[in-house]
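What follows is a single structure, written as structure tokens, with notes after it.
Chain A is the first sequence line, chain B the second, and so forth, proteins listed ahead of strands; every chain is numbered from 1. These numbers come from a predicted model, not from an experiment.
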Amino acid sequence: MSHDELCESLLTWVQTFNLEANPETVDELTDGVALSQILCQIAPNFFNAGWYGRIKKEVGDNWRIRVSNLKKVLEGVLDFYNDVLGQQIRDFKHPDVSKIAERRDLAEMGRLLQLVLGCAVNCEHKEEYINVIMGMEESVQHAVMNAIQELMSKEMP
Amino acid sequence: MDAGKPGATNEGVLANFFNSLLSKKSGPG
């Protein structure tokens, strides 16, 4: 699966969440704001108001703010895997958030989306998210399945 | 070799996968 296809399929998944501004393109995810809102819905106790408050909402074209937001999202996700799921993702190349912020790199964006997806399908209320995925178009489900399988192959308790 | 094999990407495969995810225990331990 190409990075394009992975990102587009995971964008379709992102659009199933009730977000303040529904992203219409992968580009709109590169400021980290929508991803942070998804994490707050997935695990509100972990990604709490204090954490969300550190995400800057008015990003505009400022790539430094994008990097800062994306770093917080990535660190939060990795902490969630360690502290809540009790898993480490070994051999999974962590997304380079600078490349996402500076040049909207789809390969890196795909990896970050994959990690957020992993939080959703492993969290306490995963049924809710998995059932939504099971209602999606077959091609999207297939892309999501591949993304999860790749992550699962790197998980170490 | 499996190209075109019926059922390789069908609903059953997807349902099996997601149902197995549902039955997987969440969280550590």
Side-chain angles (χ1 to χ4, degrees), chain A residues 1 5 9-10 12-13 16 42-47 77-90 114 116-157, chain B:
Chain A
M1 184 169 38
E5 286 168 321
S9 294
L10 294 185
T12 307
W13 171 69
T16 64
I42 290 172
N45 291 334
F46 191 85
F47 298 100
V77 165
L78 295 175
D79 287 346
F80 182 77
Y81 272 91
N82 279 322
D83 301 348
V84 180
L85 303 179
Q87 291 170 3
Q88 284 195 331
I89 309 289
R90 292 184 21 142
Q114 224 174 329
V116 175
L117 170 69
C119 293
V121 299
N122 283 295
C123 75
E124 200 180 347
H125 306 292
K126 64 181 182 182
E127 295 84 359
E128 192 184 322
Y129 303 110
I130 294 172
N131 284 329
V132 168
I133 293 167
M134 290 174 85
M136 296 174 80
E137 192 188 316
E138 204 170 298
S139 63
V140 177
Q141 281 191 56
H142 203 72
V144 169
M145 179 179 80
N146 286 341
I148 297 169
Q149 279 177 329
E150 191 196 354
L151 264 182
M152 285 169 72
S153 70
K154 320 279 185 189
E155 285 172 5
M156 287 288 288
Chain B
M1 189 176 169
D2 281 345
K5 183 179 167 185
T9 60
N10 66 9
E11 279 179 35
V13 173
L14 293 166
N16 281 344
F17 174 75
F18 288 113
N19 282 324
S20 71
L21 260 191
L22 282 171
S23 57
K24 197 177 146 201
K25 197 176 176 300
S26 295

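Atom CE of A/M152 is separated from atom OG of B/S20 by 6.0 Å, given to the nearest 0.5 angstrom. Separation of atoms CZ (B/F18) and CG (A/N131) is listed at 10.5 Å; rounding is to 0.5 Å.
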Let's go through B/N19 and A/M134 carefully: what are the C-alpha distance in whole Å and the side-chain angles of both, what is the deciding distance for side chain to side chain contact (heavy atoms under 4.5 Å, CB included) to 0.1 Å, and is it a yes or a no? CA-CA 9 Å; B/N19 282 324; A/M134 290 174 85; 3.7 Å; yes
Determine, stepwise, if the pair A/K126 / B/L21 fulfils side chain to side chain contact (heavy atoms under 4.5 Å, CB included). CA-CA 9 Å; A/K126 64 181 182 182; B/L21 260 191; 5.8 Å; no
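Within the 4.5 Å cutoff, no side-chain heavy atoms of B/F17 are placed close to those of A/Q141.
By the ring-ring contact (aromatic ring centres under 6.0 Å, His included) test, A/Y81 is found to be paired with no residue, residues two or more places apart in sequence or in another chain being considered. Shown here are the ring-ring contact (aromatic ring centres under 6.0 Å, His included) partners of A/F46, two or more places apart in sequence or in another chain: A/F80.
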